[in-house]
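Report on the following structure.
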Amino acid sequence: MDLGIEGRTALVMGASRGIGRGIAGALAREGARVAISSRSEEALRAAADQIEGEVLPFPADTGDLERLRTLPGEVEKALGPVEILVTNTGGPPAGGTLDNSLEEWDDAFRSLVLATRVLVEGVMPGMRERRWGRIVNVSSSSIREPIAGLALSNANRLAALGLLETLADEVAGDGITVNTIATGMFATDRLADAEGSLEGAKSAAEQMVPARRLGEPDEYGDLVAFLCSERAAYLTGTVIPLDGGRLRSV
């Protein structure tokens with residue numbers, strides 16, 4: 001299937017490893033020019049060297065809003081105007097409703113909500129002018145079913161979803177789609193750290209996930225590539241669970 005994104009320019013956040021790297025790889029395989037971004041320049045350069053295709057690193061911290069304001073312009077100078085934006089941010093610290101400080105709440109809101117707002121502001125004028133654009137938000141299954149002990153993530157990911165669902169309505173007539181993925185358990189370093197090891201994560205998935213396994217980052221990338229394609233032009237404003245059947249809500 002020709003997805004129709006060859007030659008398009010994509011900006012993928014949080015792309016030095018895990019799900020973000022899987023997404024960058026999938027888009028590059030489809031012929032997109034891919035800008036990858038995360039905090040670590042060293043990790044980004046290693047990822048860029050290992051992904052086949054036209055991939056360039058652009059270090060940026062999602063907590064640094066001034067840096068994010070300059071990022072789309074830097075990508076445009078190097079690869080062309082951003083036509084595909086993938087917002088992907090690591091989760092904030094764990095804690096119950098009253099366990100985290102107000103400073104941690106501020107940081108989580110900046111990283112999960114305001115960073116997305118700033119990046120959208122940077123790419124939207126060009127997308128509207130060209131009457132084509134794709135925005136995919138990497139979120140969590142907590143936007144459907146809150147996860148105990150993750151109050152910062154639960155609250156702020158829902159805020160980001162509200163922002164992007166509003167945006168989806170505003171720009172659908174301009175040929176721009178906006179979709180969110182509710183992420184389940186994937187074989188990433190972050191999940192391995194949370195479960196004590198990758199083997200521990202796999203054991204947990206066997207008990208908790210109907211598919212009896214962890215998802216793979218490349219599988220995630222394949223879904224994002226489709227959402228960014230010409231074939232998905234009528235699919236917008238959606239939340240798509242990618243979790244091996246774990247979510248039970250309808």
Side-chain angles (χ1 to χ4, degrees), residues 10-24 34-48 56-76 78 82 84-124 135-143 146-147 149-167 178 180-183 186 188-194 217 220 224:
L11 170 58
V12 183
M13 305 302 296
S16 63
R17 60 179 185 166
I19 286 171
R21 182 169 164 180
I23 293 168
V34 184
I36 57 174
S37 186
S38 75
R39 286 178 294 183
S40 171
E41 182 172 1
E42 181 180 357
L44 275 177
R45 293 193 179 281
L56 291 180
F58 293 83
D61 187 335
T62 54
D64 185 348
L65 301 184
E66 291 305 314
R67 170 72 183 107
L68 296 186
R69 285 190 174 94
T70 67
L71 184 57
E74 290 182 15
V75 174
E76 180 170 359
V82 176
I84 295 168
L85 172 65
V86 180
T87 59
N88 176 35
T89 303
T97 304
L98 300 178
D99 292 336
N100 301 103
S101 68
L102 292 182
E103 288 77 11
E104 288 175 313
W105 278 93
D106 283 341
D107 290 344
F109 184 72
R110 183 181 303 108
S111 180
L112 290 170
V113 183
L114 294 183
T116 296
R117 164 66 172 73
V118 168
L119 288 169
V120 167
E121 184 177 18
V123 303
M124 190 53 58
I135 297 173
V136 179
N137 175 37
V138 175
S139 191
S140 165
S141 62
S142 67
I143 60 177
I147 299 172
L150 294 179
L152 289 178
S153 179
N154 295 340
N156 286 286
R157 291 191 190 279
L158 277 170
L161 178 62
L163 170 72
L164 291 170
E165 289 293 282
T166 304
L167 177 68
V178 184
T180 292
I181 301 175
T183 308
F186 275 75
T188 63
D189 292 342
R190 180 175 176 79
L191 183 62
D193 291 343
Y220 205 110
V224 173

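Being a predicted model, the structure only gives us computed values, none of them experimental.
- In this structure, Ala155 and Trp105 approach most closely via the heavy-atom pair CB-CZ3, 3.7 Å.
- Summarising the geometry of Pro92 relative to Ala108, their closest heavy-atom pair is CB-CB, 3.9 Å, with the distance given to 0.1 Å.
- Atom CD1 of Ile19 is separated from atom CZ of Arg21 by 13.5 Å, given to the nearest 0.5 angstrom.
- Proximity of Leu161 to Ser139: side-chain heavy atoms (C-beta onward) are nowhere separated by under 4.5 Å.
- Judged by distance alone, the side chain of Arg190 and the main-chain N or O of Gly18 form no donor-acceptor pair under 3.5 Å.
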Can I get a per-line list of side-chain donor-acceptor pairs under 3.5 Å for residues 56-67, giving both atom names and the distance, sequence neighbours left out?
unit_1 : atom_1 : unit_2 : atom_2 : d
Asp61  : OD1    : Gly63  : N      : 2.8
Thr62  : OG1    : Ser111 : OG     : 3.0
Asp64  : OD1    : Glu66  : N      : 3.4
Asp64  : OD1    : Arg67  : N      : 3.1
Glu66  : OE2    : Arg69  : NH1    : 2.5
Arg67  : NE     : Pro59  : O      : 3.0
Arg67  : NH1    : Thr70  : OG1    : 2.9
Arg67  : NH1    : Glu74  : OE1    : 3.4
Arg67  : NH1    : Glu74  : OE2    : 3.0
Arg67  : NH2    : Pro59  : O      : 2.9
Arg67  : NH2    : Glu74  : OE1    : 3.1

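- Between Thr188 and Arg17 the shortest side-chain heavy-atom distance does not fall below 4.5 Å.
- Looking at every heavy atom in both residues, Pro72 comes nearest to Val82 through O-CG2, 4.3 Å.
- Residues Ala15 and Ala47 come closest through the heavy atom pair O-CB, 4.2 Å.
- The CD1 atom of Ile36 sits 12.0 Å away from atom CG of Asn88, with the distance rounded to the nearest 0.5 Å.
- Rounding to the nearest 0.5 Å places CG of Leu191 at 11.5 Å from OG1 of Thr183.
- Here the straight-line distance linking atom CG of Leu150 with atom CG of Asn100 works out to 9.5 Å at 0.5 Å rounding.
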Using the side chain to side chain contact (heavy atoms under 4.5 Å, CB included) rule, take Met13 and Thr89 through it: C-alpha gap first, then chi angles, then the decisive distance, then the call. CA-CA 7 Å; Met13 305 302 296; Thr89 303; 5.8 Å; no

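- Between the CD1 atom of Ile135 and the CG atom of Leu11 there is a distance of 11.0 Å, given to the nearest 0.5 Å.
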Side chain to side chain contact (heavy atoms under 4.5 Å, CB included) assessment of Ser142 paired with Ser153: CA-CA 8 Å; Ser142 67; Ser153 179; 4.1 Å; yes

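- Heavy atoms only, all atoms of each residue included: Leu152 and Pro93 are closest at CD1-O, 3.6 Å.
- In this structure, Ser101 OG and Asp106 CG are separated by 8.5 Å, a value rounded to the nearest 0.5 Å.
- When the options Val75, Leu71, Leu85, Ile84 are evaluated for a side chain to side chain contact (heavy atoms under 4.5 Å, CB included) with Val123, the one that passes is Leu85.
- At least one side-chain heavy atom of Ile147 sits less than 4.5 Å from a side-chain heavy atom of Ser140.
- Considering only heavy atoms from C-beta on, Ile23 comes within 4.5 Å of Tyr220 through its side chain.
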